Amino acid sequence: MKIIVCVKEVPDTAIALKIKGDSPEIETENIPWVINPYDEYAMEEALRLKEKFGGDITVITFGQKRAENILRNCIALGADRVLRINDESIKNRDGLVTSKILAKVIKDIGYDIILCGKESVDYGYAQTGQMIAEFLQISCVLAIKKLDVSPLNKEAICHREIEGGLEVVKCNLPAVFTAQKGLNTPRYASLSGIMKAKKTKIETLEPDAWGFKPKIRITNLSYPPKRQEGKIIKGTLPDTAEELVKNLKEARLI
Amino acid sequence: MDKFDCIIIGAGPAGVSAALTIARKGLTVTVFERGEYPGSKNLFGGVLYSTVLNKLIPEFYNEAPVERHITKRRYSILSKNSEMAVEFDFEDFNHPPFNNSFTVLRAKFDRWFAQKAEEAGAVIFTETVVDDFIYDNGKVAGVRARREGGDVYADVVICAEGANSLLTERAGLKKKPLPHQMITAVKEVVSLPKEVIEDRFNLSNNEGMALEFFGEAVKGMIGSGFIYTNKDSLSVGVGCPISVMKEKNMKPNDLLESFKSHPVVKKLLRGGKTEEISAKMIPELGYGNLPRLTADGLLIVGDAGGFVNPSLYREGTNMAMYSGMMAAETILEAKEKGDFSERGLQGYVKKLEDSFVMEDLERYGDVPEKLSEMPQLFKEYPEAILKLAKGYFTVSDLSKEDMHRQAWNRFKDKVSMWKFLLDMYKARKAVL
Ligand SMILES: Cc1cc2nc3c(=O)[nH]c(=O)nc-3n(C[C@H](O)[C@H](O)[C@H](O)COP(=O)(O)OP(=O)(O)OC[C@H]3O[C@@H](n4cnc5c(N)ncnc54)[C@H](O)[C@@H]3O)c2cc1C
């Protein structure tokens, strides 16, 4: 079984991001980068499929040199091949360009199952998986929480959480699946895996001549509005309770 | 996995110095670090003393992520709303090697330093906690890391786990430190524009200042507060023995808040934005209570060994690096003889004894204990002296002579002159 996993590096959500001057970009110097958490579920699912059915896992990222770190981690976990599509020469790209390029690379490699995170936690567009499926003209199930594959019948059954219930979806392979939290519990890399990863040289592709053009563009970024300062009502009961009710009424909360 | 020549637990200054030294000699060495990357969890006040580092990596300051070199020092005693301070400014420290004192932020510095060891051939595993030693016939033969395939073997293990030395204790080399032997410290990084820092502290480009505060800075307890200037931030913190904090029922964070809101300190921080805050311990075991530093197949380095000079110098990084380097050299010698038993590793202790590490620990190791016998140094005296000074400087209708006499009498009411002079003498002898 040929399994493809698409991963992306994102700023660690534990830190507060800064906007770079007036530009619609974030300050990317000196901030910690991690693998997109949803992609970790995708990677784990790939490992489980390989353990069950055999085959090989190729992990692809579209990013700059720094992103080799997350690819190395995928090798440590058990990926057979990793590939970085260099984005350093591509100034503007949107989800469309990313997906087109990924689809082109994936097509050349060959695939039975393609796994992505359901969205990246940085910009959160949630488009890559479905667009790849569209460009490859294959089935696509989004935000799955369970995946059962039958290579013999060339089909898969997935569970999806929907508002107030559970949906079971059957589809043909090949297919793209995007991973939702809860799909599995990602493992830690073994020491020998990390050792192997340290020694691996990472393959890079240069996509600049492919000429895909973005269709959307970020024009502005701003911080969320500051939270209003709270108000502390001092005094003793029952005065404070009365004051509280008065305040809540004034704020039209009750 | 293959067996290594040496395993090191912890990628702080001590562990990385050892790794670098060993890797350069072509031995195989691996380092286990619990943090996401070396330095990610580490913090210290902020002044890296670098005589040893400058030997390991000559002129490191040209490439390492250092913030500023310290040319100015200020020591001050605070009362509720006054300050008495001395300030030193040394133009000579403005030239290489910059008096070997630099402010650094550990998250950046440790990472850079660890990379140097990796370039030399050391293998560093991050996000990997070591849970225990593996023994073979009573000799330490490896470590158990918390990962699949985590049992890793080596001829010798260096434990560079820092102040919270659970493994050293578990190996039976060290007793659990008593509350008065550990300083608990909290520190914040407060960002301010570079120009503001340089104006406010009167610094030119890359010059830095270290400010230490006593007395009311830490509520009159034994301990101190500090401000160190980084490039575009200040490191602001307080530290006191755990025993004293417990006794006074103080929480470290509250102590830091109170320090920051002291009028003198507040002025220095105004406009700053707190970027991060964290707490950590500093060992002050005292010379007589240092742990056993060697066992069969095992060496203890850095804070785990209690190597911090607790006096005004608060020097830990330099000692950590020196001990790491000496452990490495000892291992290289032991490798030649093929003897990694405790006896084969004794050279390590000797090397430390012949160096500034043990000399300074012997000289200064007991400072905290001696000072703790004179709590008046931190509370009554500063208050009385500042009142005296205020009496001298207050402008009023009284004749100067009357004013001075009054101020002086008030001082003598509060403080016995003989005892004061004796205490000052004792304090000077202890600290300087
Ligand atoms: C608030 C504060 C202010 C200070 N100010 C100064 C100063 O101004 N100047 C100065 O020279 N010194 C100062 N020090 C002291 C200095 O920080 C230490 O002496 C120095 O960091 C010791 O280095 P180390 O390598 O021994 O330990 P550490 O720097 O503590 O490194 C230990 C490393 O081991 C890792 N580790 C621990 N246990 C395990 C495990 N089981 N498995 C895997 N990894 C593990 C930790 O994550 C850490 O990275 C200060 C300390 C504090 C807390």
Side-chain angles (χ1 to χ4, degrees), chain A residues 9-21 26-37 40 43-44 47-48 50-51 65-79 184-202 223 226-227 229, chain B residues 1-4 7 23 28-41 65 67 105 107-109 111-112 114-115 117-119 121-131 134 142-154 189 191 230-233 273-278:
Chain A
E9 63 158 8
V10 293
D12 191 339
T13 50
I15 63 150
L17 293 174
K18 288 190 192 136
I19 298 171
K20 204 193 239 162
I26 59 160
E27 200 64 80
T28 55
E29 294 280 316
N30 288 323
I31 60 170
W33 295 83
V34 296
I35 183 171
N36 178 41
E40 285 187 284
M43 181 65 205
E44 176 62 31
L47 292 167
R48 293 183 187 195
K50 181 184 161 184
E51 278 161 5
K65 179 125 182 101
R66 192 183 51 216
E68 286 189 353
N69 282 335
I70 63 169
L71 291 181
R72 261 182 226 292
N73 196 37
C74 291
I75 295 183
L77 288 166
N184 51 44
T185 312
R187 71 192 66 189
Y188 288 97
S190 71
L191 279 185
S192 48
I194 300 174
M195 196 74 178
K196 183 176 158 208
K198 282 181 188 293
K199 292 182 183 149
T200 306
K201 207 175 162 304
I202 293 193
Y223 295 105
K226 275 217 174 74
R227 264 214 334 204
E229 217 174 300
Chain B
M1 214 167 20
D2 307 332
K3 187 179 158 186
F4 290 89
I7 290 172
T28 57
V29 52
T30 182
V31 185
F32 293 102
E33 167 56 49
R34 66 152 28 110
E36 206 175 311
Y37 56 87
S40 64
K41 291 217 167 90
E67 298 286 318
L105 294 167
K108 287 188 205 161
F109 176 81
R111 198 174 196 171
W112 168 83
Q115 204 180 330
E118 266 187 324
E119 284 165 16
V123 180
I124 302 181
F125 290 98
T126 51
E127 289 182 275
T128 308
V129 179
V130 169
D131 280 323
I134 299 173
V143 300
R144 180 151 296 157
R146 202 181 297 164
R147 268 191 194 276
E148 191 197 317
D151 283 6
V152 188
Y153 296 86
V189 176
S191 65
N230 303 314
K231 268 209 179 72
D232 48 15
S233 65
K273 185 165 159 272
T274 299
E275 299 288 340
E276 53 178 70
I277 174 162
S278 40

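Reminder, nothing fancy here: chain letters follow the sequence lines and each chain counts from 1. Since this is a predicted model, take the numbers as computed values, not measurements.
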Query raised in the report: Can a salt bridge be assigned to the pair A/R187 and B/E148 using a cut-off of 4.0 Å between side-chain N and carboxylate O?
Result: no
Query raised in the report: What's the spacing between A/Y188 OH and B/E127 CD if we round to 0.5 Å?
Result: 7.5 Å
Query - Flag if over 12 foreign heavy atoms under 6.0 Å of NZ, A/K196 - result: no
Requested in this report: Applying side chain to side chain contact (heavy atoms under 4.5 Å, CB included), run through B/E36 and A/V34 and close with a yes or a no.
Outcome: CA-CA 10 Å; B/E36 206 175 311; A/V34 296; 4.0 Å; yes
Query raised in the report: Is a side-chain N or O of A/K198 found less than 3.5 angstrom from the main chain of B/I124, in a donor-acceptor match?
Result: yes
**Report entry** Closest-packed option against chain B by number of heavy-atom pairs under 4.5 Å, given A/G193, A/A189, A/P32
**Finding:** A/A189
Report task. Pick one of side chain, backbone, both or neither for A/A16, based on which atoms fall under 4.5 Å of a heavy atom in chain B. Result -> neither
**Report entry** Heavy-atom contact with chain B under 4.5 Å, split by part of A/N73
**Finding:** neither
**Report entry** chain A contact via B/E118 - side chain, backbone, both or neither, heavy atoms under 4.5 Å
**Finding:** side chain
**Report entry** Exercise: identify the closest heavy-atom pair between A/L191 and B/G150
**Finding:** CD1-CA, 3.6 Å
Requested in this report: Measure the spacing between OG1 of B/T30 and CD1 of A/I194 and express it to the nearest 0.5 Å.
Outcome: 9.5 Å
